[in-house]
Amino acid sequence: YIPNGADEDLGASAPSSDDIAALRRVVPASAGWRRTVLCRSRIHPEKGIDLLISAFARVAPDFADAGLLIAGLKQDEQYEAALRA
C-alpha cells in the first residue's frame with residue numbers, strides 16, 4: 001500500500017531493478033506482465049474500484065501480458081474482501 005501524501009512524481013520514472021524485485025516478491029504474478037495498469041486510490045466503495053476490476057476483466061483476454069495493480073490505503077475491509085473475491 002502506498003500512503004496518501006506520496007510524492008506526486010511517484011511512478012513517473014522507470015522502476016529500478018530493486019523496485020521490480022520488491023514488486024515480484026509481493027505480487028509474484030507480475031513477473032508475467034509486460035504492461036501494468038496502475039490504480040493508485042483509496043480502497044473504498046466510493047472510488048469504484050469494483051468497476052475498474054470488472055472493466056479490466058473484460059479486456060484482459062486481449063492483453064494476456066498485462067496486469068492490474070491496485071495500490072492505496074485500506075479503508076473498508078469488507079469492500080477489500082469483496083474486491084479480492
Side-chain angles (χ1 to χ4, degrees):
Y1 292 91
I2 300 170
N4 284 342
D7 293 337
E8 65 184 46
D9 64 346
L10 179 67
S13 60
S16 70
S17 58
D18 289 342
D19 291 335
I20 293 171
L23 177 62
R24 301 287 189 262
R25 284 191 300 276
V26 176
V27 185
S30 67
W33 300 349
R34 193 171 65 86
R35 296 179 266 193
T36 303
V37 176
L38 172 63
C39 171
R40 195 172 108 190
S41 175
R42 291 182 297 126
I43 312 301
H44 190 275
E46 72 182 18
K47 294 298 185 173
I49 296 171
D50 54 322
L51 300 173
L52 172 63
I53 292 171
S54 177
F56 185 80
R58 287 195 304 270
V59 300
D62 295 330
F63 301 94
D65 63 343
L68 175 60
L69 180 62
I70 300 170
L73 293 172
K74 294 181 180 185
Q75 291 197 320
D76 186 319
E77 290 183 19
Q78 290 179 325
Y79 183 63
E80 181 183 349
L83 294 176
R84 288 181 186 275

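We use all heavy atoms of the structure for the numbers below, so side chains are in, but hydrogens, waters and symmetry mates are not.
Between Phe56 atom CZ and Phe63 atom CZ the span is 9.0 Å, to the nearest 0.5 Å. Between the CG atom of Asp65 and the OG1 atom of Thr36 there is a distance of 9.5 Å, given to the nearest 0.5 Å. Leu83 CG to Ile53 CD1: the interatomic distance, rounded to the nearest 0.5 Å, is 4.5 Å. Note that CG of Leu68 and SG of Cys39 are 7.0 Å apart. Values are rounded to the nearest 0.5 Å.
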Listed pairs under 3.5 Å, donor-acceptor, residues 44-52 side chains, sequence neighbours left out:
from: His44; atom 1: ND1; to: Glu46; atom 2: N; distance (Å): 3.1
from: Glu46; atom 1: OE2; to: Arg42; atom 2: NH2; distance (Å): 2.3
from: Asp50; atom 1: OD1; to: Tyr79; atom 2: OH; distance (Å): 3.0

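Scanning both residues, Glu80 and Ile43, for their nearest heavy atoms gives CB-CG2, 4.2 Å. The two atoms that bring Arg24 and Ala31 nearest to each other are NE-CA, 3.3 Å, heavy atoms only.
Two different hydrophobic clusters hold Ile20 and Trp33 under the rule that ILVMFWY side chains link at heavy-atom gaps under 4.5 Å.
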